[in-house]
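Naming: A, B, ... by sequence-line order, numbering from 1 per chain. Here the structure is a predicted model, which is why all the values come from computation and not from measurement.
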Protein chains: 2
Amino acid sequence: MIISNPINIRYLTNIQAEGVLLITRKDNIYITDSRYIESVNSALTVDDGIMVYDTRNLTIDDYENFFLFCNSVGFEENYVTYAKYKEYIHKYKIENIVETENMIEGHRVIKENNEIKKIKTACEITDKCFKHLLTFIKKGMTEKQIAVEIETYFKLNGAEDISFSPIVASGINSSMPHAIPTDKKIESGDIITIDMGCKYDGYCSDMTRTIFVDYIPEKQKKIYDLVLKNQLSTLEQLKDGANIKTICSQVQNSFEFNKFMLIHALGHGVGLTLHEGPILSTTNNQFLRENMVVTNEPGIYLPGNFGVRIEDTILITKNGCITLTNSEKNYIII
Amino acid sequence: MIISNPINIRYLTNIQAEGVLLITRKDNIYITDSRYIESVNSALTVDDGIMVYDTRNLTIDDYENFFLFCNSVGFEENYVTYAKYKEYIHKYKIENIVETENMIEGHRVIKENNEIKKIKTACEITDKCFKHLLTFIKKGMTEKQIAVEIETYFKLNGAEDISFSPIVASGINSSMPHAIPTDKKIESGDIITIDMGCKYDGYCSDMTRTIFVDYIPEKQKKIYDLVLKNQLSTLEQLKDGANIKTICSQVQNSFEFNKFMLIHALGHGVGLTLHEGPILSTTNNQFLRENMVVTNEPGIYLPGNFGVRIEDTILITKNGCITLTNSEKNYIII
């Protein structure tokens, strides 16, 4: 098999570089270029059983010999571009190339203990960041300033990186689920949606809170209550064996009963990437499994008006679930 | 043609979202999901001539009708995964799918005036950031703290974003061209490589400077001089019509004459992405053209010891070139 997705390579080997991993009949081989040779060699030990090659030292024959006695060679059809797919066939002289259908991603969906520990730590740092923000945010600051503060906090307080560019959307901007922070200043009466997460040793966290400035307008309160009610009722249903479609449909029905819509998925898996399997949507008929880590993030958006989203990162257990992000979800007025 | 690469979509339409752009015989169509409908509609005017569809409102028949009378449909083989390629053929019922061979990327290589203006602004912000760093960096600070300061400076001083995670590599860490900032503290006698860039209205800058702490060890001085000499002699040769291979080979020869190696490309194109065409390497036999924007970044790396890289973003002109990043390149001792 040829593994090209750097996330899958990291999952299997802990290597963080640009290159491909070949699992051949004889050897495990990592091919990279001269820029990364030093750091890759220092990340591996003899026990890893991985041979590292520099592209400069490989001949056409070398490439053709790697899979010489293999009946078929697997590749990641959801990562490899069509151009690369053709290049692989030619370069490695592959007679029978086979789609591996998310083989490694399938493993990644169920988290091992050491992975859960890392996600937990990322979530703890996220909670601490939120606590910090509640004293940091002041009227007159811009959304951008708050977003930069989030990044700085994460990077100087134990996180390796952000898991995505934080969303800080205030007032009317909160009606866009994927708003980009602007120079708009925080004002009295604003609602602020803060969606943020960090990475700890490669593993992501993801949390959203919606807070209020000075007071809570009646219409916002009503929608906040509805979103929170659905976030909490979903929590009660997340457990090993639960049907994803059923859970998502309940939220959709509750929203529609109140004349609103669920315009995005209820959640997604979280791990080495921010978005991975399983997707929590009304069209996914799969079942939750113990040690999956997923988000639970219902949201309602009124275009040109405002939006509310509340999101936690959740560990699925045998009999229920454990909320890994634990910041306050009752009304927060700053 | 089906355009899937968000950078190419932004280049053509200014839309920043998740979706695909279809150029059909009749219409220009952008298909996105409910999360982005509001922001896409607000980014477009009637003059753009683009119809926006929500995936939720499209039927199987709609997809099959988009390219109904087209003999062939182009797609981006260097962006689209093998799985998506198969999905497109099925979904749009395409009989003859054609690789477009970097059609749009080819246009992107030669910058228009409004694009050059944006890159220039990104470079100016980068120079200002470097000036700020020279007063900010103190012994005892960690590489990470400096990297976070770079990001914060960019985001609060006119840049839309960083163009890549800044590299701050001090002492022995500087021997890795792609070092990730660590908790190592800046010490007397350190060499510090700072590679950074920002985005202004989508367009990137890229600059590297190597500076010294307290004094310059003799061995470092010798290598700094050699790298700078090659960076400056390259500048003299960059112009419309110059052969890329020839320029890169001269640097390679100069390094090898001194018993060092050029282990990475001499440079790369810069635009809406940090790395784009043309690649400045000893195997690229193409010629530079007026209004290309490229980096010029020779570097020497001594594993386990230290490294030196000096890089500017450069605009190619009819008779020469214009350096868009203008920070000091003579010895800087802090």
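If you measure heavy-atom distances from Thr142(A) to chain B, you find no contacts under 4.5 Å at all. Contact annotation for Gln145(A): both backbone and side-chain heavy atoms come within less than 4.5 Å of a heavy atom of chain B. Interface remark: Leu262(A) contributes backbone atoms only to the contact with chain B (heavy atom separation under 4.5 Å). In this structure, the portion of Tyr85(A) lying under 4.5 Å from any heavy atom of chain B is its side chain and not its backbone. Tyr301(A) does not touch chain B: none of its heavy atoms, backbone or side chain, sits under 4.5 Å away. Neither the backbone nor the side chain of Glu160(A) has a heavy atom closer than 4.5 Å to any heavy atom of chain B.
Chain B forms more heavy-atom pairs under 4.5 Å with one residue of Met176(A), Gln16(A), Glu18(A) than with any other, namely Met176(A). Highest contact tally toward chain A, considering only Asp183(B), Thr81(B), Val148(B), is held by Thr81(B) [criterion: heavy-atom pairs under 4.5 Å]. The candidate from Asp161(B), Thr152(B), Ile180(B) with the greatest count of non-hydrogen atom pairs under 4.5 Å with chain A is Thr152(B). By number of non-hydrogen pairs under 4.5 angstrom with chain B, the leading residue of Lys86(A), Glu99(A), Lys144(A), Glu76(A) is Glu99(A). Between chain A and the options Pro177(B), Pro303(B), Ser42(B), heavy-atom pairs under 4.5 Å are most frequent for Pro303(B).
Within a 6.0 Å sphere centred on CD of Glu95(A), heavy atoms belonging to other residues, nucleotides or ligands number 12 at most. Residue Tyr200(B) places its OH atom among 12 or fewer non-hydrogen atoms of other residues, nucleotides or ligands, all under 6.0 Å distant. Remark: His90(A) NE2 is loosely packed, at most 12 non-hydrogen atoms of other residues, nucleotides or ligands lying under 6.0 Å away. A 6.0 Å sphere centred on NZ of Lys128(A) holds no more than 12 heavy atoms belonging to other residues, nucleotides or ligands.
Note on Glu149(A) versus Lys155(B): no salt bridge recorded, every NZ/NE/NH1/NH2 to OD/OE distance being 4.0 Å or above.
Residues Ser34(B) and His264(A) have side chains not in contact (no heavy-atom distance under 4.5 Å, counting atoms from C-beta outward).
The two residues Glu38(A) and Ser175(B) come nearest to each other via the heavy atoms OE1-OG, 3.1 Å.
Ring geometry for Tyr82(A) versus Tyr82(B): interplanar angle under 30°, hence parallel rather than tilted (30 to 60°).
Distance OG/Ser39(B) to NE2/His178(A): 9.5 Å, rounded to 0.5 Å.
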